[in-house]
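The structure appears below as structure tokens.
Numbered from 1 within each chain, the chains take letters A, B, ... in sequence-line order. Every heavy atom of this structure was used, including side-chain atoms; hydrogens, water molecules and symmetry mates were not.
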There are 2 protein chains.
Amino acid sequence: MTTIRDVAERAGVGIGTVSRVLNGSQGVSNRTRERVERAIAALGYRPSPAARALSRGRASTIAVTAPFLTRPSVVERIRGVVAGLDASEYDLSLATVETPEQRQRRIVGLCQRDRADGAILISIPPTPDELETLRTVGVPVVVVDAVTEGLPCITIDNILGGRMATEHLLELGHTRIAFLGDAPDARFAFTSSDDRRAGYLAALADAGVDADPDLVVSGEHSREAAAELAGRLLDRPAPPTAIFTASDTQALGVLEAARARDLEVPGQLSVVGFDDIEIASFVGLTTVRQPLYETGRRAAELLLAVLEGTGPRTGARIDIPLTLVPRLTTGRPRTRATRRRPAH
Amino acid sequence: MTTIRDVAERAGVGIGTVSRVLNGSQGVSNRTRERVERAIAALGYRPSPAARALSRGRASTIAVTAPFLTRPSVVERIRGVVAGLDASEYDLSLATVETPEQRQRRIVGLCQRDRADGAILISIPPTPDELETLRTVGVPVVVVDAVTEGLPCITIDNILGGRMATEHLLELGHTRIAFLGDAPDARFAFTSSDDRRAGYLAALADAGVDADPDLVVSGEHSREAAAELAGRLLDRPAPPTAIFTASDTQALGVLEAARARDLEVPGQLSVVGFDDIEIASFVGLTTVRQPLYETGRRAAELLLAVLEGTGPRTGARIDIPLTLVPRLTTGRPRTRATRRRPAH
DNA sequence: GCGTAGGTTGGAACCGCTTCCATTTGGAAG
DNA sequence: CTTCCAAATGGAAGCGGTTCCAACCTACGC
């Protein structure tokens with residue numbers, strides 16, 4: 001393995017000079033610089049990242065932490081981060097957390113100044129404890145798809161998103177609208193499903209429609225669980241005419257349940273999802289679009305800015321706009337369904 | 001930042017002893033070990049990864065290189081790798097390559113002994129040049145979804161897979177079977193699509209069915225491109241009664257094209273995909289299943305074994321078995337279609 | 001011709017850990 | 001109470017960079 005000393009010797013200069021050339025520091029004459037560059041090329045020299053990290057006290061690595069690589073939305077965000085980091089000199093260290101211990105381990109791991117220079121937390125807001133630790137150590141962090149007081153966050157207005165979906169259904173004439181979301185997860189403080197539900201409830205209230213608590217259900221975030229849940233909803237004596245789900249994945253589950261019951265969509269059941277994952281357009285799913293890739297990319301750019309000294313270290317909150325994408329799974333309710341709602 | 005020296009001082013021992021405790025080396029009395037452990041806990045000490053890496057000459061990092069995070073199959077493999085690495089002490093450094101320069105940069109990057117201790121190459125077989133470099137430096141590499149002479153590979157028999165899909169269609173009575181695959185990509189030497197086509201041709205030949213060269217098409221690996229391609233296939237005067245695609249993603253495109261033409265599936269058109277990605281079951285897509293997650297996990301385990309000294313450094317090739325999963329997109333061809341084939 | 005400021009340059013010190021070697025310690029055996 | 005061996009321990013050296021300071025040029029102004 002060739003070291004900086006080999007290069008120095010070959011170029012007939014001191015190691016300090018080689019280092020200066022490597023880092024583009026000024027104070028090196030052109031002639032010397034060229035000589036050194038030639039030596040570097042001739043030797044095929046590449047500086048050792050570890051030695052650099054140790055000496056500079058920074059790792060040139062950014063840690064990305066995310067839950068569940070099974071979720072298309074998370075993957076799409078990571079894609080954005082990868083893209084945003086691509087042109088930079090930073091490596092990307094990926095870790096997923098699926099259990100509290102992993103989470104702990106990972107966050108603590110961030111607190112070694114020379115393991116990662118910064119971190120992007122996807123969908124995992126740190127607990128107050130963890131936040132405190134992070135702050136003490138001073139690792140810059142950007143949070144995506146979650147809000148954490150005092151940290152820059154790239155997020156969306158989930159409440160608004162919930163409203164948008166629900167209002168779309170209300171405008172079509174639905175009144176028996178169900179909400180199918182994530183069960184509260186003790187392990188992680190995910191809030192987006194809850195917020196979307198809040199938006200749903202608010203929209204109903206604004207429209208003067210009584211929310212039927214029986215139409216609000218939640219379960220594991222998966223197609224299968226959603227199908228099961230939706231099935232029970234649809235098998236009720238007074239089934240909903242529309243279902244708004246906290247994610248596209250769950251919307252697919254709802255569609256499965258409808259299909260299993262030979263229900264026409266949107267004739268007998270309208271479905272609205274959330275996220276606009278890739279497959280949504282294939283399925284023709286009406287959904288609330290959030291620019292997933294974009295959030296990842298912007299998070300990376302923001303973190304890079306912070307690391308460069310520009311950019312906010314605290315509290316900036318970037319809200320990414322949402323769009324309702326009407327496709328084929330929503331339409332006016334059948335009269336039969338409308339009849340069900342007693343006019344009082 | 002607390003260092004090993006702080007710990008040593010606090011525990012009243014030498015730094016060597018602390019290091020020994022940290023690494024679980026023997027030669028430390030129980031009493032001393034406990035004292036050191038107490039000091040470590042009290043100080044909240046965590047060793048610096050960079051210093052460790054420099055001193056040990058290894059980085060405790062494994063580099064994962066993959067193309068296109070847009071492909072579900074790639075993501076699923078990465079998931080497997082993440083899982084396989086989870087219990088280990090290794091960090092995972094992720095890079096995607098979408099252009100030849102990125103590829104070059106990345107592979108060269110691997111050649112710094114203390115950046116990564118090993119690498120997993122997903123779907124990207126190194127070129128002979130790159131292979132030579134890798135070998136010279138001695139970084140252990142495991143290749144997934146590609147075959148590289150002299151490197152351990154986790155792969156599947158793509159030719160067989162192509163056969164399986166085609167034979168399934170032949171058994172159902174199809175004879176006008178099209179193949180829709182990837183266009184040869186100059187940037188990467190992907191071969192799986194070609195191999196699957198080879199299997200398709202072989203199966204046809206074995207069945208005594210003449211392959212119609214017009215029924216073999218290829219294009220960019222995307223749903224949209226596949227839909228376009230399939231459209232042209234279906235708009236022919238003598239359209240195929242079945243289409244076998246090199247991936248599920250492309251099969252979805254075919255289904256879109258069929259839907260756009262109001263063709264019944266499988267009544268008027270049978271479709272077989274490849275991979276069995278998550279969404280395949282939702283769509284009811286008949287496909288050739290390969291355990292994507294599994295390949296990633298096994299690659300990680302294999303690499304870990306190599307790093308530990310057990311495990312082959314060269315040429316072992318692990319073939320993962322395939323399964324045909326018949327679902328709803330394949331069936332007997334309509335007579336109309338069968339009639340088209342002249343019996344000579 | 002000489003002092004001097006500014007541009008170059010060399011290399012020691014240091015980053016925090018592992019490792020190896022020399023030294024100390026603790027006992028068991030004689 | 002020695003003697004001796006193995007176990008335990010301390011710490012210097014070294015990993016390969018960066019950085020800072022001192023030393024060395026060089027050319028310019030007087």
field: Pairs touching residues 15-25 of chain A that satisfy side chain to side chain donor-acceptor pair (under 3.5 Å), sequence neighbours left out
entry: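 The answer is A/S19-A/N23, A/N23-A/R52, A/N23-A/R56.
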
Inter- and intrachain pairs under side chain to side chain donor-acceptor pair (under 3.5 Å), touching residues 32-42 of chain B, at least two apart: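 As it turns out, the side chain to side chain donor-acceptor pair (under 3.5 Å) pairs with a partner in residues 32-42 of chain B, which skip direct neighbours, are B/S29-B/T32.
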
[X] [atom1] to [N] [atom2]: how many Å, rounded?
X	N	atom1	atom2	result
B/L54	D/dG14	CG	P	14 Å
B/R33	D/dA7	CZ	C1'	13 Å
B/N30	D/dT9	CG	C1'	15 Å

query: Quick one: ring pair (Phe, Tyr, Trp, His ring centres under 6.0 Å) partners of B/F190, sequence neighbours excluded?
result: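 For B/F190, the residues satisfying ring pair (Phe, Tyr, Trp, His ring centres under 6.0 Å) (neighbours in sequence not counted) are B/F188.
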
task: Using ring pair (Phe, Tyr, Trp, His ring centres under 6.0 Å) as the criterion, list what pairs up with A/Y90, not counting sequence neighbours.
output: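 With neighbours one apart ignored, the set is empty.
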
- prompt: Just to confirm, is there a sub-4.0 Å distance from OP1 or OP2 of D/dA8 to any side-chain nitrogen or oxygen of B/S29?
  reply: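 So the side chain of B/S29 is outside the cut-off, no N or O lying under 4.0 Å from OP1 or OP2 of D/dA8.
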
query: For the helix from C/dG1-D/dC30 to C/dG30-D/dC1, what is the angle between the axes at its two ends, each from 5 pairs, rounded to 10°?
result: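 The helix from C/dG1-D/dC30 to C/dG30-D/dC1 shows an end-to-end axis angle of 50°.
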
message: Once you apply a heavy-atom cut-off of 4.0 Å, does B/G27 come out as touching a base, just sugar-phosphate, or nothing?
response: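 The residue B/G27 makes base contact.
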
- prompt: Residues in side-chain contact (heavy atoms from CB on, under 4.5 Å) with B/S55, at least two apart?
  reply: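 B/S55: no side-chain contact (heavy atoms from CB on, under 4.5 Å) contacts found.
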
All side-chain contact (heavy atoms from CB on, under 4.5 Å) counterparts of A/E101, not counting sequence neighbours: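 Per chain and number, A/E101 pairs via side-chain contact (heavy atoms from CB on, under 4.5 Å) with A/T99.
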
message: Reading DNA chain C from 5' to 3', where do the contacts with chain B start and stop? Cut-off is 4.0 Å to heavy atoms.
response: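 Result: C/dG16 to C/dC20.
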
Identify each donor-acceptor pair in which a side-chain atom of residues 291-308 of chain B lies under 3.5 Å from a protein atom, sequence neighbours left out, and give them as a table.
residue: B/E294; atom: OE2; partner: B/R297; partner atom: NH2; Å: 2.8
residue: B/T295; atom: OG1; partner: B/R77; partner atom: NE; Å: 3.1
residue: B/T295; atom: OG1; partner: B/L292; partner atom: O; Å: 2.5
residue: B/R297; atom: NH1; partner: B/E301; partner atom: OE1; Å: 3.3
residue: B/R297; atom: NH1; partner: B/E301; partner atom: OE2; Å: 2.4

Salt bridge (Lys or Arg N to Asp or Glu O under 4.0 Å) involving B/D319 - partner list, sequence neighbours excluded: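 Only B/R317 meet the salt bridge (Lys or Arg N to Asp or Glu O under 4.0 Å) criterion with B/D319.
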
message: Any carboxylate oxygen within less than 4.0 angstrom of a Lys/Arg side-chain nitrogen, looking at A/R58 and A/E89?
response: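 Salt bridge present between A/R58 and A/E89.
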
message: Please find the pair of heavy atoms, one from B/A53 and one from A/A50, that lie closest to each other, and give the distance.
response: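 Shortest heavy-atom separation between B/A53 and A/A50 comes out as CB-CB, 3.7 Å.
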
List, one per line, each side-chain donor-acceptor pair under 3.5 Å for residues 120-129 of chain B, sequence neighbours excluded.
residue: B/S123; atom: OG; partner: B/D145; partner atom: OD2; Å: 2.7
residue: B/T127; atom: OG1; partner: B/E130; partner atom: N; Å: 3.2
residue: B/T127; atom: OG1; partner: B/E130; partner atom: OE1; Å: 3.3

Under 3.5 Å, which protein N or O atoms sit close to an N or O of nucleotides 17-20 of chain D? Give each pair with its distance.
residue: D/dG17; atom: OP1; partner: A/Y45; partner atom: OH; Å: 2.9
residue: D/dG17; atom: OP1; partner: A/S48; partner atom: N; Å: 3.4
residue: D/dG17; atom: OP2; partner: A/I4; partner atom: N; Å: 2.7
residue: D/dG17; atom: OP2; partner: A/Y45; partner atom: OH; Å: 3.3
residue: D/dG17; atom: O5'; partner: A/Y45; partner atom: OH; Å: 2.8
residue: D/dG17; atom: O5'; partner: A/S48; partner atom: N; Å: 3.4
residue: D/dG17; atom: N7; partner: A/R5; partner atom: NH2; Å: 3.3
residue: D/dG17; atom: N2; partner: A/S55; partner atom: OG; Å: 3.2
residue: D/dG17; atom: N3; partner: A/S55; partner atom: OG; Å: 3.4
residue: D/dT18; atom: OP1; partner: A/N23; partner atom: OD1; Å: 3.1
residue: D/dT18; atom: OP1; partner: A/N23; partner atom: ND2; Å: 3.1
residue: D/dT18; atom: OP1; partner: A/R52; partner atom: NE; Å: 2.7
residue: D/dT18; atom: OP1; partner: A/R52; partner atom: NH2; Å: 3.1
residue: D/dT18; atom: OP2; partner: A/S19; partner atom: OG; Å: 2.6
residue: D/dT18; atom: OP2; partner: A/N23; partner atom: ND2; Å: 3.3
residue: D/dT18; atom: O4'; partner: A/S55; partner atom: OG; Å: 2.5
residue: D/dC20; atom: N4; partner: A/R20; partner atom: NH2; Å: 3.4

